[in-house]
Enquirer: 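This is the structure, below, for whatever I ask next.
In this text, all values refer to a predicted model and were calculated from it rather than measured experimentally.
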Amino acid sequence: MQKAQEIIFAGFGGQGILSMGQIIAYAAMIENKEISWMPSYGPEMRGGTANCTVIVSDQRISSPILSKFDSGVVLNQPSLDKFEPSIKPGGFLLYEASGIINPPTRNDIEILSIAAVEEATKKLNKRQVANMILVGAFLERRPIVKMENILKALKKVLPERHHHLIPLNEQALMLGKKFAQEAENVTV
Amino acid sequence: MQKAQEIIFAGFGGQGILSMGQIIAYAAMIENKEISWMPSYGPEMRGGTANCTVIVSDQRISSPILSKFDSGVVLNQPSLDKFEPSIKPGGFLLYEASGIINPPTRNDIEILSIAAVEEATKKLNKRQVANMILVGAFLERRPIVKMENILKALKKVLPERHHHLIPLNEQALMLGKKFAQEAENVTV
Amino acid sequence: MIKGTVIIDGVICKGCELCIVACPQESLGLSSHINKAGYRYVELIKDNCTGCVNCALVCPEAAITVYRQPKSALKKNVKSAEVIG
Amino acid sequence: MIKGTVIIDGVICKGCELCIVACPQESLGLSSHINKAGYRYVELIKDNCTGCVNCALVCPEAAITVYRQPKSALKKNVKSAEVIG
Amino acid sequence: MNNTENSTNDDVRLMKGNEALAEAAIRAGMDGYFGYPITPQSEVLEYFANECPKRGGVVLQAESELAAINMIYGAAGTGARVMTSSSSPGISLMQEGLSYITSAQLPCLVVNVVRGGPGLGTIQPSQGDYFQATKGGGHGDYHLIVLAPASVQEMADFVFEGFRLAEKYRNPSMILADGALGQMMEKVVLPPAGSLAKRKYDWTTVGKPATRERNIITSLFIQPEKMEQINLNLQAKYEEMKKEVKFEEINTKDADIILVAFGLSARICQKSVDLAREKGIRLGLLRPITLYPYPYDRLRELAAQVEFFLVVEMNAGQMVEDVRLAVEGRKPVYFKGRMGGMIPSPEDIFGEVEAIIEKQSISQD
Amino acid sequence: MNNTENSTNDDVRLMKGNEALAEAAIRAGMDGYFGYPITPQSEVLEYFANECPKRGGVVLQAESELAAINMIYGAAGTGARVMTSSSSPGISLMQEGLSYITSAQLPCLVVNVVRGGPGLGTIQPSQGDYFQATKGGGHGDYHLIVLAPASVQEMADFVFEGFRLAEKYRNPSMILADGALGQMMEKVVLPPAGSLAKRKYDWTTVGKPATRERNIITSLFIQPEKMEQINLNLQAKYEEMKKEVKFEEINTKDADIILVAFGLSARICQKSVDLAREKGIRLGLLRPITLYPYPYDRLRELAAQVEFFLVVEMNAGQMVEDVRLAVEGRKPVYFKGRMGGMIPSPEDIFGEVEAIIEKQSISQD
Amino acid sequence: MENIQSIDGMELIYKKPSTLTDTVFHYCPGCGHSVVHRVLMEVVEELGIQDKTIGVAPVGCSVFAYHYMDIDMQEAAHGRASAVATGIKRMLPDKYVFSYQGDGDLAAIGTAETIHTINRGENLLIVFINNAIYGMTGGQMAPTSLLGMVTSTSPYGRDKNLIGYPLRITELVANLPGAYYVTRQAVYTPNAVRKLKKAITKAFQYQDLKKGTSFIEVVSNCPSGWKMTPVEAIGFLENDMFPQYPLGDIKVPQDKPETGPEGKNN
Amino acid sequence: MENIQSIDGMELIYKKPSTLTDTVFHYCPGCGHSVVHRVLMEVVEELGIQDKTIGVAPVGCSVFAYHYMDIDMQEAAHGRASAVATGIKRMLPDKYVFSYQGDGDLAAIGTAETIHTINRGENLLIVFINNAIYGMTGGQMAPTSLLGMVTSTSPYGRDKNLIGYPLRITELVANLPGAYYVTRQAVYTPNAVRKLKKAITKAFQYQDLKKGTSFIEVVSNCPSGWKMTPVEAIGFLENDMFPQYPLGDIKVPQDKPETGPEGKNN
Ligand SMILES: Cc1ncc(C[n+]2csc(CCOP(=O)(O)OP(=O)(O)O)c2C)c(N)n1
Ligand SMILES: Cc1ncc(C[n+]2csc(CCOP(=O)(O)OP(=O)(O)O)c2C)c(N)n1
Ligand code: SF4
Ligand code: SF4
Ligand code: SF4
Ligand code: SF4
Ligand code: SF4
Ligand code: SF4
Ligand SMILES: [Mg+2]
Ligand SMILES: [Mg+2]
């Protein structure tokens, strides 16, 4: 593992972008890592897009706002268009397939595509956990925190009234993990 | 005449304090002297007192606000109490007698008392011109500007609608002048 | 008629004459003297005050204190209030 | 009945469905596709539009243009409006 | 704008600083004044209320200083020549508006007839708002052009200069006076009416004809890259403005010691210079006239020549920081201040000079 | 104030800076919060709106920032521990109120989560309000105690420190943060509730018992002599406060070059120091934690040691003036700034250091 | 000053309340401000709430109210008295809080604070001194100045075409549900003063019962601002002010506050 | 985008006005703002006054109104739009000026400016978008928020005991003589939109006749702020908003403005 892992999560509001980042940050906190989570904020949200930057590091973190990332998890076309160029060479780009018309074109980064919304809807009957499928897949490829800590984090980040959904989220994480193990990288 | 003459005029609002100063300042301006006129301002007025400082000089004037004066023209007891100590030794203090219960006590300054209100009421039938009697008397003792210029100044300082009162003011000035010529200084 | 009187603090009176206007008995009048602050102050000029308090109520300087015969008591003469100051 | 039609700009439509609710003819419906901005957009789904303009009036995106047979003209068929984008 | 013959035949007057300022504004072709009463500058609004109905120009008493500065924003956005005035607490209420106006690059004139603070304080003269005026009391990186008159004459003259600079740079100008300058009467030779030409602008919101794109007055640039560019433009403008720096020197040529003071303090220092010269002490005075831009360069030059500087202000020490920034330790910079509406006397200041000399054991031969 | 077990068992959290600040305030025994929404700090009000009804403390959404700061005035005058928060334009609206509060000597805490200005600007993080915070954006001679956090942890800690200093000196404290610090989540160890004792005051307006004279909260002293005395008292207090100066030094011991930066900029500079050290350049960082009082003395000391200073700010150059005032020309002071919501990168800063070294031809061996 | 308790068998029946200090008022002769001060302090004395009352006076002629009222007081920034009072009351909900504001203060620069304090139904008393002018700053036009009224900033008379009609803010705020008791009084006659005292007493009682905002306008005498004698000012009040600002209750409680503390917080 | 003039013999009878730019609105789906923008611009187009109209939009969701309305515009500080509009109108009395303000802007921070602009009878149009919430900053309580309404700053529902009742500022300002025409409209149905257009048309005509202030409230849809779908928002309007904010004219002209320019400046 690198000293620091800098990740951008991006998509539409309502896709659970911010909580993906928070869960990973929380898990890293449990592991006593240095973390920072920084959302996009303000009227950008009106346009319907949301993103957050998560930095997990062994050292004190300087800027929480970055222009280049080690990896990206993107859930819609505008975010893909915006952030594909910001992934550092050798980095990792994970994207949700269903909203993407023009797939990424870079060949100097690792790229993985998952139809997470479809999977979530079909296999788990809950569209909303697509983000957790992506988290599971992401951690398989970039194991910056332990899965057990992600499960602990879920309890902290989900509001009490959603705790009955934790098993479902767990399933989604596993589904994503499995998918990432089995899937080929997208070749461009 | 001294290089600069620094005068304080003080009394109740409504006694024409500010215009006494203005008329002398205006006359000095006509004579191409440097002048400054500085009123007391703000809620002090609520209490009913008013004062203004006039400086007439051959040189550029620095501060328009002073704590010591060459001469003072005071029209009521509170002003006398306040300003008697501020007259420089050798200076001149002129006061209106009718409002004064405790007359000045200094003996290192020239002191002149005029019952200007009484004079104005009795001889000129207009209480309001008492201030001009005092101006006349003042200039007799401290001829810092020419009387003819005071008359010119009157035209400028009095609002148009009061111009018919100019002859009366003129009379008052002369009355004061005469009084000062004839009067003894107050000895204390 | 009930007998009353007033004590007027001539030092702080500003001669606004509001008490004079307010007095139903026309008991008050301006002094011909002025006080230290430069105002002609008010005095009780008649001996017919009923202690109705009107003058004191409108006085902006809270300069008037009012006294009145207890309703039970007999009428008797009082000297007119002095001006203090 | 007067014949009308609408052209809906599917690129800017945000799928709010306000036009659908406003249409007295129930002529409009959501597409099963999403546009670039991520919204399911609205299409004319029936051929019974009367050109009443209701949909256009409530559309927050000003995405709807309305056409109508001139009152004088004869009724004739028009093809349903295309979605642009 | 119509000037009555009365006023044109009547250019030399004995006037209060506040009145001279207002009269000058009318002569400068002011289109509109929006203001709110506050001592010691209410005469400005009152003068306009008297004169504008006769001589043209809009005058509006706003419901507050906050409203006034935003009326100025709107009016300045039409390209009109507009101004407001107030005193310290009222100027504090305008800080958000001033930040907006500067960011939206609207020319206008703001007058602060300073009184003693902080808080409600006193209505007596003060120079306690120097920091607010020159460093920016509102949020973000911006500067007002700041002019500091020292006489009733300059109260009038700087209205013209204030408008001129504001319009040249599309940046608000401030006249930083004080209660004494506002209230005192002096002789003033009023500038002739009509002598300040109006500019043609292409950015104003006056109704969009078919022949041009719409104009927008805004200070909102949500993309930080864009907002940074706006800031870079502003900074470039401030750099450009440096050439407008103005100051007055009195007896500095041979000076061993220099007083630095602005506005009323400078008047008083002038007398201290006289006192010193009488005693054979080579004292001089540098009076910054523009407080922003500030005469750093000249002060730096003078640092080579003098033994020390004494900065005199009617505050707790504000401009003294700019003097220190200029001098950068080359020579000692001392400070003498009075506060809360108090005014130093020429004797006090000279006394301070003598005390420092003594302390430094400088021989003045 | 009641703390639920929940919160006391839950001292280590992943929180936004704004939330950590609010949680810390509750733990610090805040009696009242008065505020108005504005990005990027609305979470503060929102957090209180959620928590105070359960845990005690008054929370009131005011009709404006102007109302909020004056509610603070009133509430602080009762001796209550009160605070408000806003972001740049809203803080500009509070300038009159802050001048009053300081003059009336009322303790309270004001938080500015700065965004890019001037004007409406952008909501992205900035440090463009340094001058306003440290020199006094309102009228008159006054200062806020200014604390500059650089992490979510400090967003929480400085609430305690802010209240403590405010109450010790009867002077408002300001936490000068920025949009990033407010919005970002980090790990925070929350200070325990109840650890900040309340003072007994004798000057508060709470109803006058027969046993004492009435208390008056005012900033009005119409006599300039009196107002000058008030100012002298304030100045004496500021002198006294100097002992509260706080800063952090990183790798300064052997440093040839020192970066000076506060808040978010300082975090970034820390990485630049690492980059430099990797390349064998002895770069250090001085981070002022109190921006007022300012660590002039330490900087002056360091001037003897280093080759030059590079000041890094997210503005057009504001704190750099204080560094120059400290260094007084002994060593060059350079500046690197980003504006309008832009954030410098560690590489940029290090690049700047290298460029200056090159220019200066300093040999780093 | 100590009052003599009886003279010639006559009893002391009216004296300045002990809750006023001995400081001489700085107001102009015939000014209404000090009458209102006195009445306020009489009520505070009679209700025995001197130790529970906090007053707020902003800048205006009455900025020095704290020189006269012997209670804890705060001086507020221009226009912000009701916000300051809100801050106090929210911290001390069981104390009596009042603000004392001029028309420039309350109805011009402080309009937003006035409306919102009342709209929130802050449980306090607002005393509104309407003299249709800015007294302290030397007689400028207020939002309440009458049409045609000559002031230093309306030298040709207030012109409705330029600046609109006099603002009847009292009627305006009476529309707000948070306003519990709204009345307009004066101090130009003894009876007017008696009525004002009743109104103020009620207002403090309502505050005790946590009823919301009481708002008492006093159409006050300002001889200096109006450039007339105190006696002429009475005529001006009767002939000019009251037609625009008619005296009397504008909003009276709909419930029965006397029956007990069934305030809105219950 | 160019519109086809006819299709299959059917004529173009409704299109987006040319006074709107081609920029895609940034508003949330189902937001009322852009409908009001469009209607305003339709009226400007139809009256042929694009070259004489200046708009003012303060911060709020509609801060970028100038991206959409193809007229000269000014962006104003929060709450100050009507002061800014006053500044413009006083300089350009013969141009058409309107402000376009949210409820946070107009009825909270800008209350003083709102009241005084109208009290002066400034001859301009104020368009007041009441969505009972602070949209732009993420859904905080506004003075107009309904009782019990859950917002990010009233998480337990708006409580009248803590913050008072929803402020009906439109009814309030209708009491001011300077208000010439005051009406409350909506954009939730085609007919509501038609009525709004009539109201805006009238307002501009009154402005032409120099009648004083026109004030048009639009009770607007804010699905995001209300956390519901656009279609649910219609239900919320009907069931919750309109009972508190009933639609219709609140003050209509008393004279006959149609008979000619006998405006108040004559
Ligand atoms: C921010 C600010 N603006 C203006 C002033 C000046 N000022 C002091 S009192 C006042 C108005 C006084 O009028 P009013 O409130 O009606 O009280 P009055 O003196 O008539 O009793 C003004 C404008 C100030 N102190 N602060
Ligand atoms: C002085 C100031 N305070 C606060 C803000 C933050 N702010 C921006 S818009 C807004 C309120 C938006 O609500 P509203 O006016 O109702 O408009 P909407 O977004 O609901 O259309 C606030 C509080 C600001 N920009 N400036
Ligand atoms: S108490 Fe009544 S009768 Fe006696 S003086 Fe006063 S007003 Fe007149
Ligand atoms: S009312 Fe009071 S102040 Fe006025 S004249 Fe009578 S006693 Fe004097
Ligand atoms: S024009 Fe009328 S009928 Fe046609 S789609 Fe629109 S609403 Fe329906
Ligand atoms: S109203 Fe407009 S935006 Fe909404 S669904 Fe219909 S066409 Fe799309
Ligand atoms: S100006 Fe008017 S309100 Fe002020 S003290 Fe004088 S009379 Fe009273
Ligand atoms: S938050 Fe509400 S008002 Fe703002 S854009 Fe979204 S729907 Fe419209
Ligand atoms: Mg008044
Ligand atoms: Mg809203």
Enquirer: Under 4.5 Å heavy-atom distance to chain G, tell me which part of E/P40 shows up: side chain, backbone, both or neither.
Expert: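 For E/P40, there is no contact with chain G at all, as no heavy atom is under 4.5 Å.
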Enquirer: Give a yes or no on whether the backbone of G/T137 and the side-chain of E/T39 come within a donor-acceptor separation of less than 3.5 Å.
Expert: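 No, the answer is negative, given that no donor and acceptor are paired below the 3.5 Å cut-off.
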Enquirer: Any donor-acceptor pair under 3.5 Å linking the side-chain atoms of G/Q140 with those of E/E46?
Expert: yes
Enquirer: What part of E/Y36 lies closer than 4.5 angstrom to a heavy atom of chain G: side chain, backbone, both or neither?
Expert: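 When you check distances to chain G, only side chain atoms of E/Y36 fall under 4.5 Å.
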Enquirer: Does a side chain donor of either E/Q127 or E/N315 reach within less than 3.5 Å of an acceptor in the other side chain?
Expert: no
Enquirer: Between E/L66 and chain G, with a heavy-atom cut-off of 4.5 Å, which part of the residue counts as in contact: side chain, backbone, both or neither?
Expert: neither
Enquirer: Between G/K89 and G/Q207, does any side-chain donor sit less than 3.5 Å from a side-chain acceptor?
Expert: yes
